[in-house]
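Predicted model, so just to flag it, every value in this text is computed and none were measured. Residue numbers begin at 1 in each chain, while the letters A, B, ... track the order of the sequences.
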Amino acid sequence: MSMPAEPPPSQETASLVKRLAGPSTGKAGLAKDQEDINRIIADVSKGSRFYENEKKKDKELTKKIEHILHLRDELTQRPGVDLLKIEASLRKLESERDLSQTIVHFDLDSFFASVEVLNDPTLAGKPFIVGGSVVSTASYEARKYGVRSGMASFIAKKLCPQLISISHGYSDYSEMSQKVMSICKRYDPSLCPAGCDEGYLNITAYCAEHDLSADECVQHLRSAVFAETKLTVSAGIAANTNKPNGQFHLPFNSEAITSFMRDLPIRRVPGIGRVSERLLESIGIKTCGDIYTYRATISLMDKQFGLLHLLRTHLGIASNSVQPPQREERKSIGAERTFPPLADKQKILEKLNEVCAELESDMEETQWTGRTITLKYKLDSFEVFTRAKSHNRWISKKEDLFAVGQELLLPELPLSIRLIGLRVTKLKDLREPDPSIGIKRFFETTNSSSPNKKRKVSPSGQDELNADPPTEDETLATLLPQHQPDGPQNARPTSSRSVKPDPEAPRETHTYICPVCEKEVTIENQTLNEHLDLCLNRNAIRQAQGEVKPVRAPPKQGDIWERWTKKASGSKKRT
DNA sequence: GCGGATCAC
DNA sequence: TATGGTGATCCGC
């Protein structure tokens, strides 16, 4: 068999071009001539290590798709699809649909670019980008040339030679963002920011209290934002947190919603990225309506595609709960840096050291520590690897971060590296007041002790507020094994030392790692069982929900402000 | 727990 | 010449 001389444009190459053109290609801002643009992008990209790596990833994806199609064909040979069961699932989902809440998704229009125009009105109407080596935001004028966020800046420049490039002014964005968010909070104090320029609101209560329709309410909001910041904001009103944004009010009935979803490209659904788009497309699914058409295939390949989630997507059912991000939900904190590829061991370690210093400072400012360290490195080929190790002590000092990072990195060398990152997980909140307070409140126990007078015993026995110098026993006393096969009765204090009595609340406290929730709890003996009951209960509830589960809230972005208020604005360059 | 992958912003 | 940083989640092992 011979290959065709001129391979037809495949799904693969089409997808690759999309990637190179920037992830948001095809979403907004009609380009003049996408063919020309694609050719320029291909010409400029060709042969680069980045391009070769993208090509490699695409080839692997193609292989995976072949495998999936093969699997599908095998599965369709045999009977086994229970269409009735799928219908039952749909009916069940439908019956759980909640149309009682009015959810608004708002989004500042080309946020960074708009702020830059406010700072420098001469930029208005000019093609410019905000970003560094990668475009963060392109002005509408620049978008006409095919410039998109996520695109390499040098490619943007090729597409639009007169393009003006502006470096980030984070402190300005942070300030404006906070202004906008505080305005939006008037309409829902539980606002859930989803980045610095967008968020979700539940305006149900506000509309009722002020006798406003949803449209009127959002009109007010948008006018207020513009009046107070000169920024324009788009908003979508719906019964849940589904897209799309823009000025749009999706009717609150199931027919209208499903009908709207029918023609909605699957890629527009949050959580469906470029890869999932290709996977779904391979079995014929381009729109949310297609999900129903191919429900049998999806059902056979539930594991690969997730039937229930897709059925929900088809029906346009998503979470309608809006909650502000909770600090205790944070899972990790990290830092990473890209640099011109380095092969010299000492120079690489220097970079690692810089990353450690940055991470230490972030952890200090935000008051987190953790016990699992993940090293990430990217080769000059753009391949990414991670190496992780968990420890029985809390790590936050840069010397410790560096020691662990080095231990993970050295066995990998020699390599030519263009990025180094470190991430800390299994966190402990250093800001959290004595956890026993919270437990006590929960159970309405009397005799709460003052958090200021509390004493905690850290697993490492070091650096705890008010902690006495560790005894040898404490230094060695560390965390329990993470998994306790024998169950709760195995829970034991990490330190048997009793705390100096507080005159107001003389009692023993101990620090435990709860075998169920795996969190460290400082707790009195008599309430330990209550805590365990609570945890076990919570787990049972979660299990019971397994069936109904993934009506997921939008991903929480923990500590957004900590991120956005920190970075200072560098001096602006204009090129 | 670890490592790779995917995704959002 | 040249393609980011932070954080979350899911899967397979």
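Distance CZ (A/Arg148) to P (B/dA8): 17 Å, rounded to an integer number of Å. Whole-Å rounding puts the A/Lys351 NZ to C/dG5 P distance at 11 Å. One interatomic measurement links the two molecules: CD of A/Glu277 to C1' of B/dA8, which rounds to 15 Å at whole-angstrom precision. What separates CG of A/Leu422 from C1' of C/dG7 is a distance of 15 Å, to the nearest Å. As a whole-Å value, the separation of A/Ile68 CD1 from B/dA5 C1' is 13 Å. At whole-Å resolution of the value, CG in A/Leu108 and P in B/dC9 are 14 Å apart. With rounding to whole Å, A/Glu383 atom CD is found 15 Å from C/dT3 atom P. One interatomic measurement links the two molecules: CG of A/Leu159 to C1' of C/dT3, which rounds to 14 Å at whole-angstrom precision.
Remark: A/Thr386 is in phosphate contact with B/dG4, judged by side-chain N or O atoms under 4.0 Å from OP1 or OP2. A close approach under 4.0 Å does occur between a side-chain nitrogen or oxygen of A/Thr338 and OP1 or OP2 of C/dG5. Within the structure, a side-chain polar atom (N or O) of A/Ser390 is placed less than 4.0 Å from OP1 or OP2 of B/dC2. For the OP1/OP2 pair of C/dG4 and a distance below 4.0 Å, the side-chain nitrogens and oxygens of A/Arg418 include at least one atom meeting the criterion. Distances shorter than 4.0 Å separate some side-chain N or O of A/Ser332 from OP1 or OP2 on C/dA8. At least one side-chain nitrogen or oxygen of A/Arg387 sits closer than 4.0 Å to the OP1 or OP2 atom of B/dG4. For A/Arg337 and C/dG5, the shortest distance from a side-chain N or O to OP1 or OP2 is below 4.0 Å. Between A/Arg49 and C/dT3 there is no side-chain N or O to OP1 or OP2 distance below 4.0 Å.
With the nearest nucleotide of DNA chain C identified for both A/Glu336 and A/Gln304, A/Glu336 has the one nearer the 5' end. Nearest-nucleotide mapping onto DNA chain B: of A/Val275 and A/Thr372, the residue sitting toward the 5' end is A/Thr372. Both A/Pro341 and A/Ile333 lie close to DNA chain C; mapped to their nearest nucleotides by heavy-atom distance, the more 5′-ward contact belongs to A/Pro341.
Relative orientation of the A/His168 and A/Tyr170 rings is parallel, given thresholds of 30° and 60° on the angle between their planes.
The side chain of A/Ser45 has C/dT3 as its nearest neighbour among C/dG5, B/dG3, C/dT3. Among the nucleotides C/dT9, B/dC9, C/dT3, the one closest to any side-chain atom of A/Lys331 is C/dT9. Comparing atom distances between the A/Lys303 side chain and each of B/dG4, C/dG12, B/dG3 picks out C/dG12 as nearest. In the set B/dG4, C/dA8, B/dT6, B/dG4 carries the atom at the smallest distance from any side-chain atom of A/Phe385. Among C/dG4, C/dT6, B/dC9, the nucleotide with an atom closest to any side-chain atom of A/Glu198 is B/dC9. Counting only heavy atoms from C-beta on, A/Arg330 has its side chain closest to C/dA8 among B/dC2, C/dT3, C/dA8. In this structure, the nucleotide among C/dA8, C/dT6, B/dC9 sitting nearest to the side chain of A/Asp197 is B/dC9.
Nucleic acid contact for A/Tyr51: none, since no nucleic acid atom lies under 4.0 Å from a heavy atom of the residue. If you check every strand for non-hydrogen atoms under 4.0 Å, A/Gly132 touches nothing. Contact annotation for A/Ser276: backbone-only contact, meaning every heavy-atom pair under 4.0 Å involves sugar-phosphate atoms and none involves a base. Base contact: A/Ile155 has a heavy atom under 4.0 Å from a base atom. Among the heavy atoms of the strands lying under 4.0 Å from A/Ser48 is at least one base atom, whether or not backbone atoms are also near.
Listed by chain and number, the residues in a side-chain hydrogen bond (donor to acceptor under 3.5 Å, both in side chains) with A/Ser190 amount to none (sequence neighbours excluded). With sequence neighbours excluded, the residues forming a ring pair (Phe, Tyr, Trp, His ring centres under 6.0 Å) with A/Tyr377 are A/Phe385, listed by chain and number.
The pair A/Lys378-A/Glu383 fails the salt-bridge criterion, with no side-chain N (NZ, NE, NH1 or NH2) lying under 4.0 Å from an Asp/Glu carboxylate O. Using a 4.0 Å cut-off between charged side-chain N and carboxylate O, A/Glu350 and A/Lys347 make no salt bridge. We find that A/Glu277 and A/Lys286 are not joined by a salt bridge, their nearest charged nitrogen and carboxylate oxygen being 4.0 Å or further apart.
For the C1' atom pair drawn from B/dC7 and C/dG4, the interatomic distance equals 15 Å after rounding to whole Å.
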Exercise. For A/Glu116 and A/Tyr173, what are the C-alpha separation, side-chain angles and deciding distance, and is it a side-chain hydrogen bond (donor to acceptor under 3.5 Å, both in side chains)?
Worked result: CA-CA 9 Å; A/Glu116 295 301 339; A/Tyr173 310 150; 2.5 Å; yes
